[in-house]
> 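Supplied in structure tokens, the structure appears directly below.
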Number of protein chains: 2
Amino acid sequence: MANKKSVSNPTSLDYAILGLLQGHSLSGYRIRKIFETTALGEYSSSPGTIYPALKRLKKLGLIIQGKKSGDPVNTPNPFAITPEGIEILARWLGKPLESEDISKRLDETMLRFALMEELLSKEQKIEFLTSFISETREYIKILLSDFERESHRMSLHGKLAMENGIAVYKTSLRWGRKALKEIRNT
Amino acid sequence: MANKKSVSNPTSLDYAILGLLQGHSLSGYRIRKIFETTALGEYSSSPGTIYPALKRLKKLGLIIQGKKSGDPVNTPNPFAITPEGIEILARWLGKPLESEDISKRLDETMLRFALMEELLSKEQKIEFLTSFISETREYIKILLSDFERESHRMSLHGKLAMENGIAVYKTSLRWGRKALKEIRNT
DNA sequence: TCGCACATGTAACGTGTTACATGATTCA
DNA sequence: TGAATCATGTAACACGTTACATGTGCGA
């Protein structure tokens, strides 16, 4: 197994930070503001979350602190991603999709997609979307058969809630096919 | 403020457990199996998660342990929900929806819907869905305006990821309207 | 008898949340 | 001058994850 998990892997928050640091340096405060204001807001980020995370990543050598030649002149204590950070991030982005990346962790999976533009090859992106599509199709099948098998003993609200789940996954499936086409045209 | 948060509120896992305990007693093992096998599987549940949660709920007096006259004869140490448990659960289910229940915590919000059948009145359910619809509509507006404002400086992958988010929320909005109709016909 | 499913738990660990704390700079 | 925003951090706490541990009962 090439995968040592001895020391505890980065969390998806860590990866989100590394992803933001592709391209330009950012201060802790800037990163917080991005999490606060943009659609990445799921990673809700009070100081007590962000600063310890940055500390962690720094200690791991995935980011470095200090004026980096380049960007925003007056970012106070900007962090930049290191080559090791890039490598770790790219490895995470390129990991083969498992079924649980769809059934649980769908948000994280979309985050991976959002961050992979620069670091993965076109082939890898296509591979990612192809698996995304087939895993999602597979999972919808499971949901539908669960639904048929159990619906007679489910409450109305239970059934409706499941219908939402199924509809949402179908939407993501359609999205995946469309995204695949667009990426192929690149 | 009627809401004391002094002692730390139940988590959504706690509420999921309380919800499962509506109607019939279940052993810890049974609860684990339900989380493992059904669509509620997001609440991934190893012993190290479930048993401490049950202990907690027991200490709070929201569930009680012991043979309950009724159900499956040889369920080992079944838990049943107490009146206080019901009350806490119902209060949670009936809480007014805030915008963050949609933008973050959408899964939790759907869990609330799934569990409210027995404990809320028809009017409360309609109120829930009505807010769900308007909050979701509102959030989609925000996403769309973010998208228009930022899309020119977003990467292709960023844009595609956002499109998925928007499509998913639109799906849930359609679901909400449909669910509202069905509940009204009750 | 071997192994699997049933059944329940504990201990270490890390991370996110909440709340507190501090200080500089900007702008009205 | 006072308020808001910029900017960074710490401490307590609780929860979930992982890994370990134990024992029963059933069926092949």
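Sequence lines set the chain letters: A, B, ... in the order given, protein chains first and strands last, and positions in each chain run from 1.
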> What integer distance in Å separates B/Tyr51:OH from C/dA11:P?
16 Å
> Can you find a side chain N or O atom of B/Ser46 that sits less than 4.0 Å from OP1 or OP2 on D/dT18?
no
> Within this structure, what is the CD1-to-P distance between B/Ile31 and C/dC6, rounded to whole angstrom?
15 Å
> Rounding to an integer number of Å, can you tell me how far B/Leu57 CG sits from D/dA14 P?
15 Å
> Nearest to the side chain of A/Pro47, heavy atoms from C-beta on, is which of D/dT8, C/dT8, D/dC15?
D/dT8
> Rounded to the nearest angstrom, tell me the gap between atom OH in A/Tyr29 and atom P in D/dT8.
9 Å
> Where the side chain of A/Lys33 is concerned, which of D/dC6, C/dT8, D/dC15 is the nearest nucleotide?
D/dC6
> Whether A/Thr49 contacts C/dT15 is assessed here as follows: a side-chain N or O lying under 4.0 Å from the phosphate OP1 or OP2. Is that the case?
no
> If you count heavy atoms of other groups shown closer than 6.0 angstrom to NZ of B/Lys122, is the number above 12?
yes
> Nearest-Å distance, CD1 (A/Ile34) to C1' (D/dC6)?
15 Å
> Within the side chain of B/Thr136, is there an N or O that forms a donor-acceptor pair under 3.5 Å with the backbone of B/Leu173?
no
> Check this one for me: any side-chain N or O of B/Arg32 less than 4.0 Å away from OP1 or OP2 of C/dA5?
no
> Would you mind reading off the distance between A/Ile50 atom CD1 and C/dT15 atom C1', rounded to a whole angstrom?
13 Å
> Considering only NZ, NE, NH1 and NH2 on the basic side and carboxylate oxygens on the acidic side, decide whether A/Arg112 and A/Glu108 come within less than 4.0 Å.
no
> Write down the distance between CG (A/Asn9) and P (D/dG16), rounded to a whole number of angstrom.
21 Å
> Distance check: side-chain N/O of B/Lys55 vs OP1/OP2 of C/dT10, anything under 4.0 Å?
yes
> Between B/Arg91 and B/Glu87, is there a salt bridge with N-O shorter than 4.0 Å?
yes
> Which nucleotide, D/dT10, D/dT8, D/dC15, lies nearest any side-chain atom of A/Ser27?
D/dT8
> So, OP1 or OP2 of C/dT8: does either fall under 4.0 Å of a side-chain N or O from B/Arg30?
no
> Send over the distance from A/Ile17 CD1 to C/dT15 P, rounded to a whole Å.
12 Å
> Across the strands shown, which category fits B/Gly48 at heavy-atom distances under 4.0 angstrom: base, sugar-phosphate, nothing?
base
> Could you check which of C/dT15, D/dG16, D/dT8 has an atom nearest any side-chain atom of A/Thr11?
C/dT15
> Using a strict cut-off of less than 4.0 Å between a Lys/Arg side-chain nitrogen and an Asp/Glu carboxylate oxygen, indicate whether B/Lys178 and B/Glu182 qualify as a salt bridge.
yes
